[in-house]
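Remarks on the structure that follows.
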Protein chains: 2
Amino acid sequence: MTTKATSIDIAYRAGVSQSTVSRALRNSPLVNEETRLKVQAIAKELNYKVDKNASNLRTQSSLTLALLLCEDPTNDDSLINPFFLSMLGSITRATAQQGYDLLVSFQQLSSDWHADYEDSNKADGIILLGYGDYMDYEEKLDKLREQNTHFVIWGPAQNKQAVLSIGCDNHQGGVIATQHLIAKGRRQLAFIGDASSHSPEFQARYLGHKQALKRAGISSHKQLQVDAISTESSGYDGAMKLLEQKLPFDAVFAASDLIAIGAMRALKQQGLRVPEDVAVVGFDDIPVASFANPGLTTIKQNTKLAGEILVDSLLKLIKGKEVSNQLIPTSLIERQSCG
Amino acid sequence: MTTKATSIDIAYRAGVSQSTVSRALRNSPLVNEETRLKVQAIAKELNYKVDKNASNLRTQSSLTLALLLCEDPTNDDSLINPFFLSMLGSITRATAQQGYDLLVSFQQLSSDWHADYEDSNKADGIILLGYGDYMDYEEKLDKLREQNTHFVIWGPAQNKQAVLSIGCDNHQGGVIATQHLIAKGRRQLAFIGDASSHSPEFQARYLGHKQALKRAGISSHKQLQVDAISTESSGYDGAMKLLEQKLPFDAVFAASDLIAIGAMRALKQQGLRVPEDVAVVGFDDIPVASFANPGLTTIKQNTKLAGEILVDSLLKLIKGKEVSNQLIPTSLIERQSCG
DNA sequence: CTGAAAGCGCTTACAG
DNA sequence: CTGAAAGCGCTTACAG
């Protein structure tokens with residue numbers, strides 16, 4: 001209790017060698033059943049735990065994964081995008097399930113983060129969850145690849161690069177959302193969210209949106225797409241801009257729930273009713289979506305599955321197995337905001 | 001690039017001994033300026049990073065803190081209490097600022113978590129953020145203490161125990177919230193939240209509430225306190241129960257924002273207006289509070305400061321410095337839910 | 001200011 | 001099935 005027990009202490013008490021203790025504790029088949037039980041009993045009694053630093057040093061692995069949340073520095077201080085927090089939860093769980101520990105770090109996009117986690121043997125691999133401008137992001141990825149770091153990123157597939165990426169099928173989500181609005185009788189659809197290559201996920205949602213409109217034979221006015229980043233206030237601003245244009249619209253597909261909630265606030269403030277005058281669909285299905293008034297119909301990203309796939313893929317990559325990019329299907333969660 | 005550089009590689013290239021490399025990299029005053037610069041330049045060039053496992057093993061420390069989020073198993077899968085997520089953010093930041101890494105783990109209250117983080121030298125200390133039933137929680141704390149683990153817990157002071165705890169001044173928060181409702185002319189105040197010793201934080205808020213009422217000479221009916229755990233649906237149920245009692249009330253102090261939001265949903269559903277018929281105050285100031293309709297007036301817990309104090313205190317404890325429990329003041333955030 | 005050496009606590013070939 | 005020994009990559013007294 002005063003000082004930590006080591007495998008030598010156990011060896012002494014069990015009357016065997018330290019090597020045998022190590023084997024017994026690792027359930028090596030090489031060790032006699034009886035010996036093993038005795039050793040394990042003593043270990044338990046002494047509250048012995050294998051020293052991670054020593055075993056990691058010896059095996060040159062860490063059984064630890066690092067999660068890097070790359071934040072947009074424009075964001076409020078401890079206000080992390082709820083969607084990423086949900087991912088954090090599922091990644092933590094999936095990591096634990098695989099017997100790994102998780103090191104978490106928030107990084108400013110601006111900082112020099114291409115992270116020494118793997119270099120310093122703190123982690124066997126890295127999961128990157130990023131938002132903010134994608135362009136900045138990309139350089140750092142190159143650096144990671146150069147160093148042969150094992151990593152997987154959450155987001156759209158990086159076509160030109162040998163980067164393992166797992167993401168939701170944003171395009172399909174955009175299609176579903178738009179089809180739903182059309183099915184509800186809406187014909188003048190607006191889109192709030194940056195649709196440039198700086199936000200490839202939003203862009204894919206927008207492209208899905210346009211494809212669905214085209215298939216349904218509905219024309220879309222270019223001005224009905226206004227930019228916004230994924231915050232409530234940006235969604236509010238986006239909707240206000242839309243309203244100022246005086247172009248009529250009877251539905252809004254917001255690129256994220258936060259945007260949708262801000263947009264609903266703007267619409268209501270301007271005397272429009274949701275869903276009667278304007279139907280609204282969001283994206284993500286963050287917890288707030290169900291508390292919104294009216295309840296927000298949205299495209300759910302399956303964060304639980306996403307976390308599992310991210311972790312599994314990274315582990316496969318580390319172990320040298322074959323891996324490939326994956327697109328996780330999204331689904332429509334119907335509430336009240338579309339009537 | 002193919003294989004990781006070690007201090008021996010650097011020593012070879014720099015024409016010095018490995019010990020000197022180690023000293024130079026650690027900015028030891030014992031090493032010649034010129035030598036140091038040369039070594040550091042080579043290290044940078046080779047993209048060398050000190051192997052954490054080796055240095056930790058040698059120094060018997062890990063420069064890592066572990067954060068254990070103890071969840072109530074009744075909770076939805078990846079739906080973590082937003083307040084704790086906010087704490088997670090600030091703890092992560094504070095940890096990084098001190099040059100430590102953070103290992104994050106979610107634990108079921110039921111599981112045998114008294115965690116081998118420190119035993120196995122993975123972390124130098126542990127931060128516990130828990131919710132759920134406090135009674136269950138307490139036993140595990142004893143176990144941790146027995147093992148001389150360095151840890152700090154978020155929550156009310158553990159009077160009878162030598163446990164370091166940092167928490168918000170829940171009692172004071174309860175007073176402020178109640179005084180605000182009284183100042184708004186309300187006289188029949190209800191409280192939604194478990195007020196038993198199973199939830200000491202809620203209990204403190206309730207006691208503050210009662211004290212403020214007493215000071216103002218307002219009597220409170222015992223039945224105007226109804227139990228609820230910190231979820232939206234539990235808040236909804238609590239408010240419904242309150243309404244069924246037919247005892248009149250013109251204000252609700254909810255023990256958490258999630259409860260407040262659920263209560264507002266119930267009130268509105270039953271045709272009552274917030275704040276005209278019933279004023280509502282929450283507790284926490286989670287992001288959702290500002291998106292609620294009407295905006296939720298609430299008692300803010302300063303999570304940024306809390307994270308910093310938790311980390312600083314734990315670090316002091318680890319270093320053998322003197323530490324003491326701390327109570328962090330709360331503040332009123334006024335929005336629209338109280339008129 | 002520098003180097004040779006010990007040792008942190010494990011795991012795992014190697015020999016028996 | 002077991003033990004003696006090497007070695008993972010560092011840090012830090014010790015000697016110079």
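Numbers restart at 1 for each chain; the letters A, B, ... are given by sequence-line order, proteins then strands. Every heavy atom of this structure was used, including side-chain atoms; hydrogens, water molecules and symmetry mates were not.
For A:N27 and D:dC1, the CG to C1' distance is 16 Å, given to the nearest whole Å. Atom CG in B:L57 sits about 12 Å away from atom C1' in D:dG7, given to the nearest Å. Residue A:L30 contributes atom CG, which lies 11 Å from atom P of C:dT12 at whole-angstrom precision. The NZ-C1' distance, from A:K52 to D:dC8, rounds to 16 Å in whole Å.
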*For DNA chain D, what dot-bracket results from Watson-Crick or G-U pairs at under 3.5 Å, with [ ] for crossers and | for inter-strand partners?*
|||.||||||||.|||
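For B:Q60, counting side-chain heavy atoms from C-beta on, the closest listed nucleotide (C:dC8, D:dT11, D:dT2) is C:dC8. Set against C:dG9, C:dT11, D:dC10, the side chain of A:T59 has C:dT11 as its closest nucleotide. Considering only the side chain of B:R58, C:dC8 comes nearest among C:dC8, C:dC10, D:dC1.
In terms of phosphate contacts, A:R26 brings a side-chain nitrogen or oxygen within less than 4.0 Å of OP1 or OP2 of C:dT12.
Rounded to the nearest Å, the gap between the C1' atom of C:dG16 and that of C:dT12 is 16 Å. Across the P atoms, D:dC1 and D:dA5 are found 24 Å apart, a figure rounded to whole Å.
Nearer the 5' end of DNA chain D, as judged by each residue's closest nucleotide, is the contact made by A:T35, out of B:V50 and A:T35.
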*Could you walk me through whether A:K38 and A:E34 pass the salt bridge (charged side-chain N to carboxylate O under 4.0 Å, His left out) test, one step at a time?*
CA-CA 6 Å; A:K38 184 163 63 174; A:E34 210 176 316; over 6 Å; no
_Walk me through whether A:K122 and A:T64 qualify under side-chain contact (heavy atoms from CB on, under 4.5 Å)._
CA-CA 7 Å; A:K122 285 193 235 175; A:T64 300; over 6 Å; no
Taking only nitrogen or oxygen atoms into account, show me every contact under 3.5 Å that the protein makes with nucleotides 14-16 of chain D, one pair per line with its distance.
none

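Note that CG of A:L305 and CD of A:Q326 are 8.0 Å apart. Values are rounded to the nearest 0.5 Å.
Taking a 4.0 Å limit (strictly below) on heavy-atom distances, residues 10-22 of chain A reaches DNA chain C at A:Q18, A:S19, A:S22.
Looking at every heavy atom in both residues, B:C168 comes nearest to B:L327 through O-CD1, 3.8 Å.
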